[in-house]
> 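Next up is a structure, given as structure tokens.
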Protein chains: 2
Amino acid sequence: MAKRVSHRDSICGVARPLDAIGDWWSLLIVRDAFDGLRRFGEFQKSLGLAKNILSARLRNLLAHGIMETVPAADGSPYQEYVLTEKGRGLFPLLVALRQWGEDFFFEPDEAHVLLVDRKNGLPVRRLELRAQDGRVVGVEDTMVRLPSASAE
Amino acid sequence: MAKRVSHRDSICGVARPLDAIGDWWSLLIVRDAFDGLRRFGEFQKSLGLAKNILSARLRNLLAHGIMETVPAADGSPYQEYVLTEKGRGLFPLLVALRQWGEDFFFEPDEAHVLLVDRKNGLPVRRLELRAQDGRVVGVEDTMVRLPSASAE
DNA sequence: CCTCATGGTTTTAATTTGAAACCATCGTAT
DNA sequence: ATACGATGGTTTCAAATTAAAACCATGAGG
């Protein structure tokens, strides 16, 4: 599961997380978890993937501390899979993925699910990256800075 | 390359984009492209992946309209790979991934690259999702709404 | 007990990945 | 012209991963 990571990536902040969720299914499992799914069978039914693969993915998500198992819930003797704090931290990423998908993978008039404010049912705004002073910044306004103390 | 997508996913807005960038390398290529890399050899050197794999990934990114080739630049007879509008649309997603990585994949004192405001060198703020009225909303404040007209 | 539902693991085949070798094109020096 | 190195790939083949299906374990209900 763990892939070798090149030099630059060890401190890059992008490659490391990809090791945890960088495959097709893991993010979909997390999304389903956000939608309230908890049981092995629910995930399998929703995603339609082989049970061994789901098993492996859940194991990986558990190993990375993105999900955890909780003993019961409705009295059944099985366990449930729920997001940890770390897993819930993926919310902005999923929103970003969803908004990108809406922008470029659907026809303007094509129906798709919408992320809405639970309070009033209105769609949420677009994600915006802001600088310390509050300016909205895009790619061209930012740069990456390497850590001052040269590690490695 | 194209994976079968279950019913719910066809309109979900998350699964579709994953088909385009849902593997380990593609996002790293895009990140490198944001960092200014353009040439086949540059990507290969930076990422340290096999040439055939890089070739396949670039082909896929081209096919999905995330990158495009431009004929020259510095006079050399080769082509360069640059992000399209669609590709640049991945910026928020990469920021989200990076911020999640910073939060959970590095020790508090561990060195890592930082995304900073080009204007003054200060780190950017965290991504925040806001409702129409400007409230910052989290997972629990939102829900997904299926399209009213039942498609399929 | 027998049987069913749930939640997996094992087995086996197909696909994907990766390393290395090979090849094509252009620019340059001879 | 022609050898040669740099760049940008493709082909080949072994190894790892994924997927489908069969199998197994546990507890609940009859």
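Treat the numbers as computed from the prediction; the structure is a model and nothing was measured. Sequence lines set the chain letters: A, B, ... in the order given, protein chains first and strands last, and positions in each chain run from 1. We use all heavy atoms of the structure for the numbers below, so side chains are in, but hydrogens, waters and symmetry mates are not.
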> Within this structure, what is the CH2-to-P distance between B:Trp24 and D:dA16, rounded to whole angstrom?
18 Å
> How many Å lie between NZ on A:Lys45 and P on C:dT6, as a whole number?
10 Å
> Verify the contact: side-chain N or O of B:Trp25 to OP1 or OP2 of C:dG18, cut-off strictly under 4.0 Å; return yes or no.
yes
> Applying side chain to side chain donor-acceptor pair (under 3.5 Å), can you list everything that pairs with A:Arg126, at least two apart in sequence or on another chain?
A:Asp103
> Measure the distance from CD on A:Gln44 to P on C:dA5 and round it to the nearest whole Å.
15 Å
> Expressed as a whole number of angstroms, how long is the span from B:Arg38:CZ to D:dT7:C1'?
17 Å
> Kindly give the cluster partners of B:Val70, where membership spreads through any ILVMFWY side chain lying under 4.5 Å from a current member.
B:Val82
> Rounded to the nearest Å, what distance is computed from the CG atom of residue A:Leu54 to the P atom of nucleotide D:dA19?
12 Å
> Can you list everything that forms a ring pair (Phe, Tyr, Trp, His ring centres under 6.0 Å) with B:Tyr78? Sequence neighbours excluded, please.
none
> Quick one: what's the B/S/- string for nucleotides 7-14 of chain C, heavy-atom cutoff under 4.0 Å, read 5' to 3'?
BBBBB---
> Where does DNA chain D pair, written as one dot-bracket string 5' to 3', with Watson-Crick or G-U pairs under 3.5 Å, ( ) inside the strand, [ ] for crossing pairs and | for another strand?
||||||||||||||||||||||||||||||
> What residues, two or more places apart in sequence or in another chain, satisfy ring pair (Phe, Tyr, Trp, His ring centres under 6.0 Å) together with B:Phe40?
none
> Select one nucleotide: of C:dT17, C:dG27, D:dT18, the one nearest the side-chain heavy atoms of A:Ile53.
D:dT18
> Determine, step by step, whether B:Glu110 and A:Arg16 satisfy the salt bridge (Lys or Arg N to Asp or Glu O under 4.0 Å) criterion, reporting the C-alpha distance in whole Å, the side-chain angles of both residues, the deciding distance to 0.1 Å, and the verdict.
CA-CA 13 Å; B:Glu110 195 179 358; A:Arg16 248 188 242 196; 3.1 Å; yes
> Which Ile, Leu, Val, Met, Phe, Trp or Tyr residues join B:Val116 in one cluster when any pair of side-chain heavy atoms under 4.5 Å counts as a link?
A:Met143, B:Leu114
> What salt bridge (Lys or Arg N to Asp or Glu O under 4.0 Å) pairs are there with at least one residue in residues 111-124 of chain A, not counting sequence neighbours?
A:Asp117-B:Arg135
> Tell me: CD of A:Glu80 to C1' of C:dT6, nearest whole Å?
13 Å
> How long is the line joining CG of A:Leu49 and P of D:dA21, in whole Å?
13 Å
> Could you state the atom-to-atom distance from CG of A:Leu28 to P of D:dT18 in whole Å?
14 Å
> Can A:Lys86 be said to sit on top of B:Phe105's aromatic six-ring, NZ or CZ under 6.0 Å from centre and within 45° of the ring axis?
yes
> Excluding sequence neighbours, so at least two apart, what forms side chain to side chain donor-acceptor pair (under 3.5 Å) with A:Ser55?
none
